[in-house]
Visitor: 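Right, I'll just put the structure down here and ask away after.
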Amino acid sequence: MNRLPAWLVGLLVIAPVVGLVVFYAWPFVNLIVEAVDTESVGTVFGRSRTWSIVWFTTWQAVVSTSLTVVIGLAPAWVIARFDFAGRRLLIGLLTAIFVLPTVVMGAAFLALLPDSLDRTVWAVVGAHVVFNLAVIVRTVGAVWEHLPPDMEHAAATLGASPSTVFREITLPLLRPAVIAAAAIVFLFTFTSFGVIRVLGAAGTRTIEVEVWRRATQLGQIDQAAVLALLQLAILGLLAIWSSIAARRYSRALDLRPLARPQRPRTTRVRILVAGVAGTTALIAVVPLVALVVKSMSAPTGWTFNAWTGLGSAEIRPGITLGLDPLDALSNSLRIAAWSTLFAVVIGALASLGIVAAGKAGRFLDAGLLLPIGTSAVTIGFGMLITFDSDPYDWRASWWIIPVGHALVAVPFVVRSTLGVLRSVDPQLSLAAATLGASPTRAWVEIVVPHLWRPLATGAGIAAAISLGEFGATSFLSRSGGETLPIAIEQLLGRTGSLLQTKGYALATILAAATIGLVMLVDRTGDLVGGRRPVAAPTRPTEPPTESPTRLPTESPTRLLSEPPREHVDERRTQDDHARR
């Protein structure tokens, strides 16, 4: 009775499907068909430099991932198990660091480290560790706080030391989550682009950077395409391995949510918790503080010349900078506004279509996630070589960069809205149909109104992604159309303290804007979470079946590091209530 007509479902999904096919699938297939041939494959694989780049890309990713996991387990344990002053602030801080643009993190470490470590691989590894700590804390911590403590208590009662309990009991139970989080971190560090461009020396290149270099600087489109496909093949093998490893070590557990994290009970535990939380906060805050300080300092002392001179492109009389920092800021804001609009519209249609289509909607849901698994450099590269001739010569179009950004942002918009739409009790639509409303009218009146607040969350995430996007923009931008990340990278790569100080000032502006958006998104999530779930009406004689609960909206911070969760328990409660 409440099934939407097929024509309406088709109208909902046609725009997301067409956008995915035209701007993702077509460029990707075209990249393989037109740019790759036998000669280019032989040239790339026969060059020793290629394997040196692959080796460097792999080992720095392995080292970065290993250090991130080792360092991140301590704050994951503290946040999962204990309630302490500043706990929520620490979680928000780590999440804000994670969503910072990569060029900002590179600039922060460039400002923090001494000259002896500048432009070294250890600077790159350090930036990767700080940047990805939130992945370990959120992914592993989410499982850790639900582990039943019975076995740990039993082992401790039998005389096992805390280290033995962790090694023999806790770590095996956490292993699937650790593997999943490590795979995500390896993906980010293996495809690192902005951090390498800012912190790496002149000859330091990952596969991602080499793809950009060969395509834009050397004009070797075919060889760049071969490298892009080689990177995708390696990442595909990683995905297969992580999936097999997670299944191998998974265990059937009764994961019971804790009532709430416990306050530390002993002085020793309080000191340990305070030490871990304080150290983690310092690791996250110190690079940002160094970035702000660097933007207001020069070899001669404190100065605000970089800030006051942002509106001038002139270095000295008769010599111009070649880019206008304020124009870069204006371009970033304009592109972010359009990409957010595109992402919200397409994401809203896709979410409504996925829910309305039922099981068939899973295919669209999975397809929209593909751009996240593909590097931004590959996406920009594919669009560059696809839309470069009539009648599809769109490279100079004003909308091509916002579309590229929206490809990556749409999945986050969909994730923020699906949970809310799926929480709407279908009994409400059945009741409306019983009272004479058509399925379309019932859907418009009952389901659609619950879309707006989660869309606000998705819009904030989309804007943050667009402001910091660097990989695809490096291919699609033109001279005079630089965005903030591109301007920051160019300024920090030039000689002269004033130019570099301007780069730090722009990085500070971009960091403040991104963190502000994250705070706004978290605030929006709180507003959404404070509402009652949408349940079927009850007869006046029946007592309430449950106390007010929070909407099962995906937290915006969880969206950045965890897959969505199905809200089975709440739906089961609502269905039982409807049957009664």
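Residue numbers count from 1 along this sequence.
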Visitor: Suppose we screen for side chain to side chain donor-acceptor pair (under 3.5 Å). Which residues come up paired with S295, at least two apart in sequence or across chains?
Guide: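 W307.
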
Visitor: Please tabulate, for the side chains in residues 273-282, all donor-acceptor contacts under 3.5 angstrom to protein atoms that are two or more places apart in sequence or on a different chain.
Guide:
unit_1 : atom_1 : unit_2 : atom_2 : d
T279   : OG1    : G275   : O      : 2.7
T280   : OG1    : V276   : O      : 2.7

Visitor: Looking at residues at least two apart in the chain, or sitting in another chain, which of them share a side-chain contact (heavy atoms from CB on, under 4.5 Å) with T514?
Guide: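 Once residues adjacent in sequence are excluded, the partners of T514 under the side-chain contact (heavy atoms from CB on, under 4.5 Å) criterion are V99, L100, P101, A464, L510.
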
Visitor: Considering non-hydrogen atoms only, spot the tightest contact between S192 and V209 and give its length.
Guide: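 The pair with the smallest heavy-atom distance is O-CG2, 4.3 Å.
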
Visitor: Let me confirm one number: the CH2-OG1 distance from W452 to T417, rounded to the nearest 0.5 Å.
Guide: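 So the CH2 of W452 and the OG1 of T417 are separated by 11.0 Å.
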
Visitor: Go through it in stages, so that I can follow the logic: the residues are V293 and W302, the test is side-chain contact (heavy atoms from CB on, under 4.5 Å), and I'd like the CA-CA distance, side-chain angles, deciding distance and then a yes or no.
Guide: CA-CA 9 Å; V293 170; W302 295 101; 3.7 Å; yes

Visitor: What pairs with E489 under side chain to side chain donor-acceptor pair (under 3.5 Å), at least two apart in sequence or on another chain?
Guide: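 Checked E489 against side chain to side chain donor-acceptor pair (under 3.5 Å); matches are R197.
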
Visitor: Only pairs at least two apart or in different chains count here, so list each salt bridge (charged side-chain N to carboxylate O under 4.0 Å, His left out) that has a residue in residues 95-114.
Guide: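 Passing the test, one end in residues 95-114: no pairs.
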
Visitor: Could you tell me which residues satisfy side chain to side chain donor-acceptor pair (under 3.5 Å) with T164, sequence neighbours excluded, listed by chain and number?
Guide: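 Only S161 meet the side chain to side chain donor-acceptor pair (under 3.5 Å) criterion with T164.
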
Visitor: Go through the steps for F131 and V195 under the test side-chain contact (heavy atoms from CB on, under 4.5 Å), then give the verdict.
Guide: CA-CA 10 Å; F131 190 70; V195 171; 5.8 Å; no

Visitor: For residues V178 and V69, determine if any side-chain heavy atom of one lies less than 4.5 Å from a side-chain heavy atom of the other.
Guide: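 Touching, per the 4.5 Å side-chain cut-off.
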
Visitor: Taking side chain as C-beta onward, heavy atoms only, is I179 less than 4.5 Å from W241?
Guide: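 Yes; the side chains approach each other to less than 4.5 Å.
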
Visitor: About how many Å separate OG of S375 and CD1 of I207, when rounded to the nearest 0.5 Å?
Guide: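 Going from the CD1 atom of I207 to the OG atom of S375 covers 10.0 Å.
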
Visitor: With sequence neighbours left out, what residues match Y24 under ring-ring contact (aromatic ring centres under 6.0 Å, His included)?
Guide: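 In terms of ring-ring contact (aromatic ring centres under 6.0 Å, His included), with neighbours along the sequence ignored, Y24 is linked to no residue.
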
Visitor: Do V62 and F186 have side-chain heavy atoms sitting under 4.5 Å apart?
Guide: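 V62 reaches F186 side chain to side chain.
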
Visitor: Could you pull out the closest heavy-atom pair between A409 and A462, with the gap in Å?
Guide: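 Closest heavy-atom pair between A409 and A462: CB-CB, 3.7 Å.
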
Visitor: Between E208 and Q231, is the side chain to side chain donor-acceptor pair (under 3.5 Å) condition met? List the steps.
Guide: CA-CA 8 Å; E208 193 98 331; Q231 177 176 260; 2.7 Å; yes

Visitor: Considering all heavy atoms of both residues, which atom of T57 and which atom of R205 are nearest to each other, and what is their separation?
Guide: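 Closest approach of T57 to R205: OG1-O, 4.2 Å.
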
Visitor: Who pairs with P402 by side-chain contact (heavy atoms from CB on, under 4.5 Å), at least two apart in sequence or on another chain?
Guide: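 So P402 forms a side-chain contact (heavy atoms from CB on, under 4.5 Å) with I335, W338, S339, F342.
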
Visitor: Using the side-chain contact (heavy atoms from CB on, under 4.5 Å) criterion, which residues pair with A181? Sequence neighbours excluded.
Guide: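 Partners of A181 by the side-chain contact (heavy atoms from CB on, under 4.5 Å) criterion, ordered by chain and then number, come out as V135, I136, T139, V140.
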
Visitor: Tell me every residue that passes side chain to side chain donor-acceptor pair (under 3.5 Å) with T483, counting only those two or more places apart in sequence or in another chain.
Guide: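 Checked T483 against side chain to side chain donor-acceptor pair (under 3.5 Å); zero matches.
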
Visitor: Does the side chain of H405 pick up a donor-acceptor pair with the side chain of T473 at under 3.5 Å?
Guide: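 On atom types as modelled, these side chains qualify, holding a pair under 3.5 Å.
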
Visitor: Could you go through Q500 and L491, starting from their C-alpha distance and side-chain angles, then the distance that decides it, and tell me whether this counts as side-chain contact (heavy atoms from CB on, under 4.5 Å)?
Guide: CA-CA 5 Å; Q500 293 183 357; L491 288 171; over 6 Å; no

Visitor: Under 6.0 Å from the CZ atom of R49, do we count more than 12 heavy atoms belonging to anything else shown?
Guide: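 Counting neighbours around CZ of R49, more than 12 heavy atoms of other residues, nucleotides or ligands fall under 6.0 Å, so yes.
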
Visitor: Just checking, any donor-acceptor pair under 3.5 angstrom between side chains of R270 and T267?
Guide: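 Indeed, the side chains of R270 and T267 share at least one donor-acceptor pair under 3.5 Å.
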
Visitor: So W77 and F82, side-chain contact (heavy atoms from CB on, under 4.5 Å) or not? Walk me through it.
Guide: CA-CA 8 Å; W77 168 69; F82 299 103; 3.3 Å; yes

Visitor: Between atom CD1 of I234 and atom OG1 of T191, what is the distance when rounded to the nearest 0.5 Å?
Guide: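 So the gap between those two atoms works out to 11.5 Å.
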
Visitor: For N331 and E482, work out which heavy atoms get closest and say how close.
Guide: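 Looks like ND2-O, 3.0 Å.
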
Visitor: Got a list of side-chain donor-acceptor pairs under 3.5 Å for residues 105-112, not counting sequence neighbours?
Guide:
none

Visitor: List in chain and number order the residues that pass side-chain contact (heavy atoms from CB on, under 4.5 Å) with S64, two or more places apart in sequence or in another chain; answer none if no residue qualifies.
Guide: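 With neighbours one apart ignored, the set is Q60, V125, H128, T189.
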
Visitor: Please name the pair of heavy atoms, one in V408 and one in I372, separated by the smallest distance, quoted to 0.1 Å.
Guide: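 Heavy atoms of V408 and I372 come nearest at O-CG1, 4.3 Å.
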
Visitor: Describe, in one word, how the ring planes of F470 and F193 are oriented to each other, choosing from parallel (under 30°), tilted (30 to 60°) and perpendicular (over 60°).
Guide: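 Rings of F470 and F193: tilted, 30 to 60°.
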
